[in-house]
Enquirer: 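Quick one: this structure, given as structure tokens, is what I'll be asking you about.
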Amino acid sequence: MPGVWQRHPRYSLLILAVLATTLYLLVPIQHETIAPPLFTMSDNDLPNRMQRAHHIYDKVLEDRKGLIKKFGPNPKDISLFPEDKAPWPPYTVWDFFPAAFNCPHEVERHGALGDGGKWVCGLSRVRDKPDCVVYSFGINYESSFEAEILRNTHSCEIWGYDFSVKSFGPEIPSDIAHRTHFKAYGLGGEDKHGPEDKPPMYTLDTLMKINGHDFIDILKIDIESWEFSTLATMLKPYVESGKPLPFGQLQIELHLWHKSFEEVLDWWQMLENAGLRPFWTEPNLVYLNFNRDSTSDLAEYSFLNVKGHNIFIEDPPHHSPEPAQ
């Protein structure tokens with residue numbers, strides 16, 4: 001008489017499956033170790049959001065070293081924009097400098113959607129700040145950015161500088177114009193404002209002393225490629241002394257005209273050593289459109305200053321923690 005296993009082969013398969021599962025559970029198996037998460041969703045206050053942002057950016061710094069080694073291996077061997085030859089160029093200069101630091105607040109574009117607007121981290125943080133100070137270098141008679149800053153804050157005042165125009169642009173309405181201050185000065189690495197100096201040039205430190213300021217919440221700079229030499233001079237004493245920069249965040253347009261990769265890398269690392277971390281970037285597509293044969297050597301960047309104490313990276317005393325955006 002056939003056995004039960006022959007008459008019901010499915011029972012055999014079931015028994016084998018049970019035995020296999022039992023052996024799997026009883027025999028110790030070496031599993032791959034997975035690191036526990038560094039943060040949880042409950043760790044959502046500002047200090048923890050900042051810690052997460054630093055952790056992510058530290059990885060980018062390591063990845064940059066690998067990218068330089070891959071395409072260099074030395075910075076002097078890397079081209080900003082490789083020639084269009086086979087195989088297809090695997091990178092541009094911008095790939096080495098991603099805006100990888102997470103702003104711990106809302107990020108919003110203020111100003112025109114085309115050329116003129118800037119991305120700001122946490123404007124809500126200074127909406128009610130009674131001593132909010134904004135500096136804007138490079139007006140070009142287009143003030144949509146400045147106008148939106150004024151409309152979205154109660155007390156922010158803006159000091160604007162541009163020797164190529166005579167005033168802010170028409171975007172600023174008369175009812176809030178009293179919170180603006182304009183001078184036809186240029187931003188430079190040293191003071192040159194004697195009778196023979198046309199246009200007059202001032203350092204950021206000198207202008208702050210003239211205006212009675214010791215800190216700037218938002219600093220916008222668009223000075224047509226002079227940003228490299230100007231910021232190098234401006235930041236050098238802060239890098240050497242370790243003192244924090246006198247501003248909370250920086251919106252700047254970079255012009256890579258006549259630069260090498262090695263020069264850009266050294267300059268960028270100086271910004272990082274000074275405490276600046278990029279949280280947003282976009283190419284200047286208007287420039288690229290009008291210069292069809294050109295490379296994309298203009299880009300907008302927004303940086304957060306993560307050294308010292310400012311309203312964007314720390315809650316003021318007696319401040320209720322804000323929810324994450």
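In this chain, residues are counted from 1 in sequence order. Just the heavy atoms: all of them, side chains too, but no hydrogens, waters or symmetry mates, feed the values below.
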Enquirer: Do Ser144 and Glu171 meet the criterion of a side-chain donor-acceptor pair at a distance under 3.5 Å?
Expert: no
Enquirer: Between Asp222 and Lys220, is there a salt bridge with N-O shorter than 4.0 Å?
Expert: no
Enquirer: Take atom NE2 in His309; do more than 12 heavy atoms of anything else shown fall under 6.0 Å from it?
Expert: no
Enquirer: Would you find a donor on one side and an acceptor on the other, under 3.5 Å apart, between the side chain of Lys307 and the backbone of Asn273?
Expert: yes
Enquirer: Below 6.0 angstrom between ring centroids: does that apply to Phe97 and Tyr301?
Expert: no
Enquirer: Within the 3.5 Å criterion, strictly below it, is a donor on Glu224 or Trp257 matched to an acceptor on the partner's side chain?
Expert: no
Enquirer: Between His255 and Ser225, is there a donor-acceptor pair closer than 3.5 Å when you use the side chain of the first and the backbone of the second?
Expert: yes
Enquirer: Inspect the surroundings of NE2 in His178 and state if more than 12 heavy atoms from other residues, nucleotides or ligands are less than 6.0 Å away.
Expert: yes
Enquirer: Please answer whether the main-chain N or O of Thr92 pairs with a side-chain N or O of Asp95 as donor and acceptor at a distance below 3.5 Å.
Expert: yes
Enquirer: Can you confirm if the aromatic rings of Tyr135 and His213 lie within a centre distance of less than 6.0 Å?
Expert: yes
Enquirer: Rounded to the nearest 0.5 Å, what's the gap from OG on Ser229 to CE on Met234? Could you check?
Expert: 10.0 Å
Enquirer: So, Ser143 side chain and Glu146 main chain: donor-acceptor pair closer than 3.5 Å or not?
Expert: no
Enquirer: So does Asp63 pair up with Lys59, basic N to acidic O under 4.0 Å?
Expert: yes
Enquirer: Between Ser124 and Glu106, does any side-chain donor sit less than 3.5 Å from a side-chain acceptor?
Expert: yes
Enquirer: Give a yes or no on whether a salt bridge exists between Lys198 and Glu196, defined as a side-chain N under 4.0 angstrom from a carboxylate O.
Expert: no
Enquirer: If hydrophobic residues (ILVMFWY) are linked whenever their side-chain heavy atoms come closer than 4.5 Å, directly or via other members, who joins Met201 in its cluster?
Expert: Phe163
Enquirer: Nearest 0.5 angstrom please: Glu108 CD to Leu123 CG, how far?
Expert: 7.0 Å
Enquirer: Is the positively charged end of Lys259 above the ring of Phe228, judged by distance under 6.0 angstrom from the centroid and angle within 45° of the axis?
Expert: yes
Enquirer: Do Asn102 and Met50 have side-chain heavy atoms sitting under 4.5 Å apart?
Expert: no
Enquirer: Taking the side chain from Glu314 and the backbone from Ile311, do they hold a donor-acceptor pair closer than 3.5 Å?
Expert: no
Enquirer: Do Tyr161 and Phe137 have ring centroids that are under 6.0 Å from one another?
Expert: yes
Enquirer: Measure the spacing between CG of Leu204 and OG1 of Thr233 and express it to the nearest 0.5 Å.
Expert: 12.0 Å
Enquirer: Got a second to check how far Asp297's CG is from Leu80's CG, nearest 0.5 Å?
Expert: 8.5 Å
Enquirer: Any side-chain to backbone donor/acceptor pair from Asp58 onto His55? Under 3.5 Å, distance only.
Expert: no
Enquirer: Can you confirm whether or not the ring centre of Trp268 sits under 6.0 Å from the ring centre of Phe303?
Expert: yes
Enquirer: Locate the shortest heavy-atom distance separating Thr281 from Ala299; write the atom from each residue and the value.
Expert: OG1-CB, 4.4 Å
Enquirer: Assess whether atom CH2 of Trp267 is packed by more than 12 heavy atoms of other residues, nucleotides or ligands within 6.0 Å.
Expert: yes
Enquirer: Could you state whether Ile210 and Phe215 fall into the same hydrophobic cluster, counting links through intermediate Ile, Leu, Val, Met, Phe, Trp or Tyr residues with side-chain heavy atoms under 4.5 angstrom apart?
Expert: no
Enquirer: Would you call Arg109 and Glu148 a salt bridge, using N to O less than 4.0 angstrom?
Expert: no
Enquirer: Do you know the tightest heavy-atom contact between Met208 and Asp214?
Expert: CE-C, 3.5 Å
Enquirer: Determine the minimum heavy-atom distance between Pro98 and Val60, stating which atoms define it.
Expert: CG-CG1, 3.7 Å
Enquirer: Locate the shortest heavy-atom distance separating Gln251 from Ile218; write the atom from each residue and the value.
Expert: OE1-CG2, 3.2 Å
Enquirer: Less than 4.0 angstrom from a charged side-chain N to a carboxylate O is my criterion; do Asp315 and Arg125 meet it?
Expert: yes
Enquirer: Quick one about Tyr57 and Glu272 (side-chain donor to acceptor, distance below 3.5 Å, no hydrogens or angles considered), yes or no?
Expert: yes
Enquirer: Hydrophobic clusters here meaning ILVMFWY residues chained together by side-chain heavy-atom distances under 4.5 Å, can you tell me if Phe101 and Ile56 are in one?
Expert: no
Enquirer: Regarding Asp205 and Thr203, is there a side-chain donor-to-acceptor distance under 3.5 Å anywhere?
Expert: no
Enquirer: Going by side-chain contact (heavy atoms from CB on, under 4.5 Å), Phe145 matches just one of Val120, Ile139, Leu150, Ile158. Which one?
Expert: Val120
Enquirer: Could you tell me whether a side-chain N or O of Arg277 sits under 3.5 Å from a main-chain N or O of Leu304, the two making a donor and an acceptor?
Expert: no
Enquirer: Quick one: closest heavy-atom pair of Phe312 and Gly122, and the distance?
Expert: CE2-O, 3.4 Å
Enquirer: Around Lys192, counting heavy atoms of other residues, nucleotides and ligands shown, do more than 12 lie under 6.0 Å from its NZ?
Expert: no
Enquirer: Quick one: ring pair (Phe, Tyr, Trp, His ring centres under 6.0 Å) partners of Phe71, sequence neighbours excluded?
Expert: Tyr91
Enquirer: For the side chain of Asp197 and the backbone of Pro200, is there at least one donor-acceptor N/O pair under 3.5 Å apart?
Expert: no
Enquirer: Would His193 and Tyr202 count as a close aromatic pair, with their ring centres under 6.0 Å?
Expert: yes
Enquirer: Do the side chains of Arg151 and His110 get nearer than 4.5 Å, heavy atoms only?
Expert: no
